[in-house]
Amino acid sequence: MASLAQHVAGLPCPPLSGASRRRPAAQRRPPSALVCGTYALTKDERERERMRQVFDDASERCRTAPMEGVAFSPDDLDTAVESTDIDTEIGSLIKGTVFMTTSNGAYIDIQSKSTAFLPLDEACLLDIDNVEEAGIRPGLVEEFMIIDENPGDETLILSLQAIQQELAWERCRQLQAEDVVVTGKVIGGNKGGVVALVDGLKGFVPFSQVSSKTTAEELLEKELPLKFVEVDEEQGRLVLSNRKAMADSQAQLGIGSVVLGTVESLKPYGAFIDIGGINGLLHVSQISHDRVADISTVLQPGDTLKVMILSHDRERGRVSLSTKKLEPTPGDMIRNPKLVFEKADEMAQIFRQRIAQAEAMARADMLRFQPESGLTLSSEGILGPLSSDAPSEDSEEPTDE
């Protein structure tokens with residue numbers, strides 16, 4: 001017996017012979033896991049054994065009696081699903097939750113037995129590389145339109161683009177009715193005109209409706225002020241006009257007003273400035289009171305500056321600009337253009353006051369040399385007719401009777 005205990009599993013089991021020497025209490029090992037030649041299970045091992053037995057029993061029940069303990073049959077389940085089914089007709093709206101996205105689109109939980117999928121090209125009006133760019137992520141709850149059904153696996157094909165298109169066309173009709181100016185970004189073009197993106201819809205701007213002579217390549221990626229000419233959702237026609245929008249903008253340009261502009265190009269005789277879609281000329285003589293020998297030493301394409309409107313020929317579409325009138329002191333546009341920018345509105349106000357005073361003096365001189373005109377000058381410098389109760393030179397003096 002003692003020899004067997006010494007050879008089992010290499011355990012340090014002392015011989016059972018009475019001749020064996022007993023170890024001190026401090027050096028005794030814990031009771032060996034070997035009892036009569038077998039191991040006793042630990043607590044964790046016993047728990048794992050119990051769970052294995054539970055799973056084995058459950059597996060056996062599923063194999064031999066799968067419906068045991070289930071309150072309804074498979075037929076009852078099919079009936080319940082049919083009773084909670086939703087309208088899946090093409091064109092109907094359905095609410096769903098995004099639960100998974102892929103490189104091709106997103107899967108939508110619509111609380112139905114049917115699977116629903118949102119393709120990438122139906123995620124929004126814009127061209128995107130993945131649905132996350134349109135804000136479509138797991139957990140998003142949104143309303144979708146059913147646009148098709150895959151006959152192979154009855155998967156419903158959903159769209160957000162179709163809903164957004166309907167809303168965009170409605171907004172364009174409203175904006176056309178209000179005759180407002182919108183901004184469109186040029187994204188393409190051909191020999192007849194350019195294609196501009198307005199509120200997610202692609203509209204066509206014929207070259208005959210572009211205010212300046214240019215090419216599609218020059219306008220690409222630029223933003224244009226536009227007005228609606230035709231909005232036809234059924235035919236998918238959206239025609240826009242830059243010329244009509246510019247006419248409205250030009251009508252608001254007043255002589256002496258200060259506007260923000262961007263230097264478009266430099267010429268030997270001056271600089272062309274973009275002032276909100278209108279190209280104005282800042283002549284070299286109107287840049288500064290001091291002589292400007294080389295325009296490129298003062299201005300560069302892309303520079304932002306404030307300019308004053310000197311004149312506006314609406315028939316020819318020409319606008320003359322000046323920064324010279326905005327200089328606090330002569331030569332500031334050359335030495336300190338930042339100061340001219342900061343003081344532009346203040347200097348423009350002073351300029352307008354001087355013009356008003358000059359006009360008032362001109363009116364006064366006219367009255368002085370033409371008394372027979374029957375006009376008078378108000379305290380505000382406004383020329384107007386004589387008041388009916390004002391005495392005239394030919395009126396008789398009142399006499400006392």
Side-chain angles (χ1 to χ4, degrees), residues 183-186 189 194 207 210-225 242-243 245-359:
T183 300
K185 184 177 181 180
V186 178
V194 296
F207 279 127
V210 178
S211 61
S212 59
K213 293 182 179 179
T214 184
T215 64
E217 291 76 14
E218 293 174 336
L219 292 175
L220 194 62
E221 297 300 320
K222 289 188 176 181
E223 293 187 345
L224 299 177
N242 170 246
R243 189 178 294 276
M246 296 305 297
D248 276 11
S249 300
Q250 292 175 0
Q252 299 174 3
L253 293 178
I255 306 304
S257 60
V258 175
V259 294
L260 193 66
T262 303
V263 178
E264 287 288 309
S265 61
L266 302 180
K267 301 295 181 182
Y269 51 83
F272 283 98
I273 313 297
D274 179 8
I275 50 174
I278 303 174
N279 277 330
L281 174 63
L282 176 60
H283 195 271
V284 63
S285 63
Q286 286 296 327
I287 295 177
S288 176
H289 285 85
D290 289 358
R291 181 176 179 275
V292 177
D294 184 359
I295 300 177
S296 63
T297 61
V298 183
L299 300 172
Q300 287 293 323
D303 287 351
T304 300
L305 70 165
K306 288 183 178 179
V307 292
M308 176 184 286
I309 308 295
L310 287 185
S311 65
H312 182 199
D313 187 341
R314 288 181 174 81
E315 292 183 359
R316 297 184 179 182
R318 295 178 178 177
V319 181
S320 297
L321 309 172
S322 175
T323 53
K324 175 180 179 178
K325 306 295 185 185
L326 303 178
E327 289 183 318
T329 56
D332 280 344
M333 193 61 196
I334 299 174
R335 295 186 298 270
N336 192 358
K338 183 178 180 181
L339 178 63
V340 178
F341 187 94
E342 295 173 351
K343 295 286 186 178
D345 295 310
E346 180 182 337
M347 295 307 299
Q349 180 64 25
I350 295 174
F351 176 79
R352 287 191 290 267
Q353 290 174 354
R354 290 174 180 172
I355 294 297
Q357 291 173 359
E359 290 176 349

Can you name the residues that form a side chain to side chain contact (heavy atoms under 4.5 Å, CB included) with [X], not counting sequence neighbours?
{"X": "Thr297", "result": "Asp294"}
{"X": "Gln349", "result": "Arg352, Gln353"}
{"X": "Phe207", "result": "Val194, Val210, Ala216"}
{"X": "Ser311", "result": "Ser320"}

Minimum heavy-atom separation for [X] and [Y], please, with both atom names.
{"X": "Leu321", "Y": "Leu282", "value": "O-CD1, 3.6 Å"}
{"X": "Ala271", "Y": "Leu299", "value": "CB-CD1, 4.0 Å"}
{"X": "Ile295", "Y": "Pro268", "value": "CD1-O, 3.8 Å"}

Check salt bridge (Lys or Arg N to Asp or Glu O under 4.0 Å) between [X] and all other residues, then give those that pass, not counting sequence neighbours.
{"X": "Glu218", "result": "none"}
{"X": "Lys306", "result": "Asp345"}
{"X": "Lys185", "result": "Glu221"}

Would you mind listing every salt bridge (Lys or Arg N to Asp or Glu O under 4.0 Å) that reaches into residues 280-291, with sequence neighbours excluded? Asp290-Arg335

With sequence neighbours excluded, what pairs up with [X] under the side-chain hydrogen bond (donor to acceptor under 3.5 Å, both in side chains) test?
{"X": "Ser285", "value": "His283"}
{"X": "Thr323", "value": "none"}
{"X": "Lys222", "value": "none"}

What distance separates Ile309 CD1 from Ile275 CD1, expressed to the nearest 0.5 Å? 4.0 Å

Distance (rounded to the nearest 0.5 Å) between Ser322 OG and Leu310 CG: 4.5 Å

Check the pair Val319, Asn279 against side chain to side chain contact (heavy atoms under 4.5 Å, CB included), reporting the backbone distance first and the verdict last. CA-CA 7 Å; Val319 181; Asn279 277 330; over 6 Å; no

Please output the side-chain donor-acceptor pairs of residues 325-333 that fall under 3.5 Å, not counting sequence neighbours, one pair per line with the distance.
| residue | atom | partner | partner atom | Å |
| --- | --- | --- | --- | --- |
| Glu327 | OE1 | His289 | N | 3.0 |
| Glu327 | OE1 | His289 | ND1 | 2.7 |
| Glu327 | OE1 | Gly331 | N | 3.3 |
| Glu327 | OE2 | Ser288 | OG | 2.6 |
| Glu327 | OE2 | Gly331 | N | 3.4 |
| Glu327 | OE2 | Asp332 | N | 3.2 |
| Glu327 | OE2 | Met333 | N | 2.8 |
| Thr329 | OG1 | Asp332 | OD1 | 2.9 |
| Thr329 | OG1 | Asp332 | OD2 | 2.7 |
| Asp332 | OD2 | Thr329 | N | 2.9 |

For Ile273 and Val263, run side chain to side chain contact (heavy atoms under 4.5 Å, CB included): C-alpha distance rounded to whole Å, both residues' side-chain angles, the deciding distance at 0.1 Å, then the answer. CA-CA 5 Å; Ile273 313 297; Val263 178; 3.8 Å; yes

